[in-house]
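Here is the structure we will look at.
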Amino acid sequence: MPMGPFLEVVDPWINWDWLGTHVPLFLDALQQHIALTLVAVAGGLAISLPLGIAAHRWRALRNPVLTVFGIFYTIPSIALFALLVPYTGLTAVTAEIGLVGYTVLILVRNVVVGLEAVPPEVLDAADGMGYRPLARLIRIELPLALPAVMAGIRIATVTTIGLVTITAVIGLGGLGQLILRGLIENFHTPLVVATVLSIVLALVADLTLAGAQRLVVPWSRGVER
């Protein structure tokens, strides 16, 4: 496609002929987008769950934990990648460090909120039944906190699907690479189709997680995000 000023080239919003011959390109980008998102959310949850439990148990940790990851969340993605690239290169590790870090604040906060929402009388009853702290945490507190944790996972997943597009600046980014290509080449088709696919992916992920939440914790239907 011809190069020119930013999106000033006369070009149809969708070039169906080009799209029909480049379906595998979009499928590969979509697959990479999903993989980056899954790793980021799973990694963020693996870090956030013990951090959230610790911040709930020891209140002195709460503000430092939330402050550190709150500051991390404010770092612009491009600036963060620029800082990491000299050490981790243009790799998935660089992308995932940023993506995981952004999910941790959302997930830690929801873990803490979920644990704090467990009614004191339930904890007293568990203590009265002889539950030790670890058993009480696993069998009583975490199951009751699960609706809030699931809500955090939904928010983190949708947010990460949007953030993954930014990793196109370091050669990753899944659908973001096609959006970037559309911008650079003044070519609407990859830009529009990749944007729509990213939005649809976020909607499908949110609806799937909402359905999973209803199945796993049916008592959470009244919980708002």
Side-chain angles (χ1 to χ4, degrees), residues 6 29-116 148-184 190-191 194-195 197-199 201-203 205-206 209 225:
F6 187 67
L30 182 61
Q31 186 177 16
Q32 185 186 50
H33 207 107
I34 293 172
L36 287 168
T37 301
L38 288 176
V39 171
V41 175
L45 186 61
I47 295 171
S48 302
L49 196 56
L51 269 183
I53 292 170
H56 171 67
R57 282 281 185 270
W58 298 285
R59 301 298 176 94
L61 285 178
R62 183 175 308 176
N63 284 338
V65 168
L66 294 179
T67 299
V68 167
F69 285 96
I71 292 172
F72 187 92
Y73 198 85
T74 64
I75 301 174
S77 306
I78 295 177
L80 179 63
F81 294 148
L83 292 172
L84 291 173
V85 163
Y87 305 99
T88 54
L90 299 174
T91 65
V93 174
T94 303
E96 292 296 353
I97 289 174
L99 295 172
V100 169
Y102 291 137
T103 65
V104 169
L105 178 65
I106 299 170
L107 292 170
V108 164
R109 193 185 298 277
N110 276 57
V111 170
V112 172
V113 168
L115 291 172
E116 287 184 344
V149 176
M150 287 291 294
I153 292 173
R154 289 174 61 188
I155 297 171
T157 301
V158 172
T159 302
T160 303
I161 288 173
L163 288 172
V164 165
T165 57
I166 304 298
T167 62
V169 298
I170 58 171
L172 299 171
L175 296 169
Q177 294 181 77
L178 297 174
I179 294 172
L180 185 61
R181 175 178 176 180
L183 290 171
I184 292 174
L191 190 156
T195 300
L197 284 175
S198 181
I199 294 170
L201 178 61
L203 290 174
D206 191 49
L209 288 170
R225 286 201 241 177

### Task
Would you please test Ile153 and Met150 for side-chain contact (heavy atoms from CB on, under 4.5 Å) and show each step?
CA-CA 5 Å; Ile153 292 173; Met150 287 291 294; 4.3 Å; yes
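- Sorted pairs that involve residues 160-175 and meet side-chain hydrogen bond (donor to acceptor under 3.5 Å, both in side chains), not counting sequence neighbours, are lacking altogether.
- Between Pro190 and Gly182, the shortest heavy-atom contact is CG-CA, 3.9 Å.
- Residues passing the side-chain contact (heavy atoms from CB on, under 4.5 Å) test with Leu90, sequence neighbours excluded: Val85, Ile170.
- For residues 63-89, there are no salt bridge (charged side-chain N to carboxylate O under 4.0 Å, His left out) pairs, not counting sequence neighbours.
- Rounding to the nearest 0.5 Å gives a distance of 5.0 Å between CG of Leu209 and OG1 of Thr157.
- Smallest separation of non-hydrogen atoms from Leu178 and Ala29: CD1-CB, 3.8 Å.
- Annotation for Leu99 and Ala40: closest pair CB-CB, 3.6 Å, computed over non-hydrogen atoms.
- Annotation: side-chain hydrogen bond (donor to acceptor under 3.5 Å, both in side chains) contacts of Arg62 (sequence neighbours excluded): Glu116.
- Under a cut-off of 6.0 angstrom, the local environment of CD1 in Ile78 is sparse, with at most 12 non-hydrogen atoms contributed by other residues, nucleotides or ligands.
- Partners of Phe69 according to the ring pair (Phe, Tyr, Trp, His ring centres under 6.0 Å) rule, which considers only residues two or more places apart in sequence or in another chain, do not exist here.
- Under the side-chain contact (heavy atoms from CB on, under 4.5 Å) criterion, Ile199 pairs with Thr195, Leu203, not counting sequence neighbours.
- Thr159 has its side chain out of reach of Thr103: every pair of non-hydrogen atoms, C-beta onward, lies at least 4.5 Å apart.
- With values rounded to the nearest 0.5 angstrom, Leu66 atom CG is found 11.0 Å from Ile71 atom CD1.
- Residues passing the side-chain contact (heavy atoms from CB on, under 4.5 Å) test with Leu49 are Ile53, Val111, Leu142, sequence neighbours excluded.
- Of all the heavy atoms in Ala194 and Ile179, the pair that sits closest is CB-CG1, 3.6 Å.
- Between the side chain of Asn110 and the main chain of Ala148, a donor-acceptor pair closer than 3.5 Å is present.
- Between atom CG of residue Leu201 and atom CD1 of residue Ile161 there is a gap of 4.0 Å, rounded to the nearest 0.5 Å.
- Take Ala82 and apply the side-chain contact (heavy atoms from CB on, under 4.5 Å) test, not counting sequence neighbours, and it matches no residue.
- Under the side-chain hydrogen bond (donor to acceptor under 3.5 Å, both in side chains) criterion, Glu96 pairs with no residue at all, not counting sequence neighbours.
- One finds the CG atom of Leu36 at 6.0 Å from the CG atom of Leu172 (value rounded to the nearest 0.5 Å).
- Every side-chain hydrogen bond (donor to acceptor under 3.5 Å, both in side chains) that Thr88 has, sequence neighbours left out, goes to Thr94.
- Atoms NE2 and CG, from His56 and Leu61 in turn, are 12.5 Å apart once rounded to the nearest 0.5 Å.
- Annotation: side-chain hydrogen bond (donor to acceptor under 3.5 Å, both in side chains) contacts involving residues 33-53, sequence neighbours excluded, are absent.
- Residue pairs meeting the ring-ring contact (aromatic ring centres under 6.0 Å, His included) criterion with at least one member in residues 82-109, sequence neighbours excluded: Phe72-Tyr102, Tyr73-Tyr102.
- Here the CG atom belonging to Leu107 is positioned 10.0 Å from the CD1 atom belonging to Ile47, to the nearest 0.5 angstrom.
- Nearest heavy atom pair, residue Leu80 against residue Gly98, reads CD2-CA, 3.5 Å.
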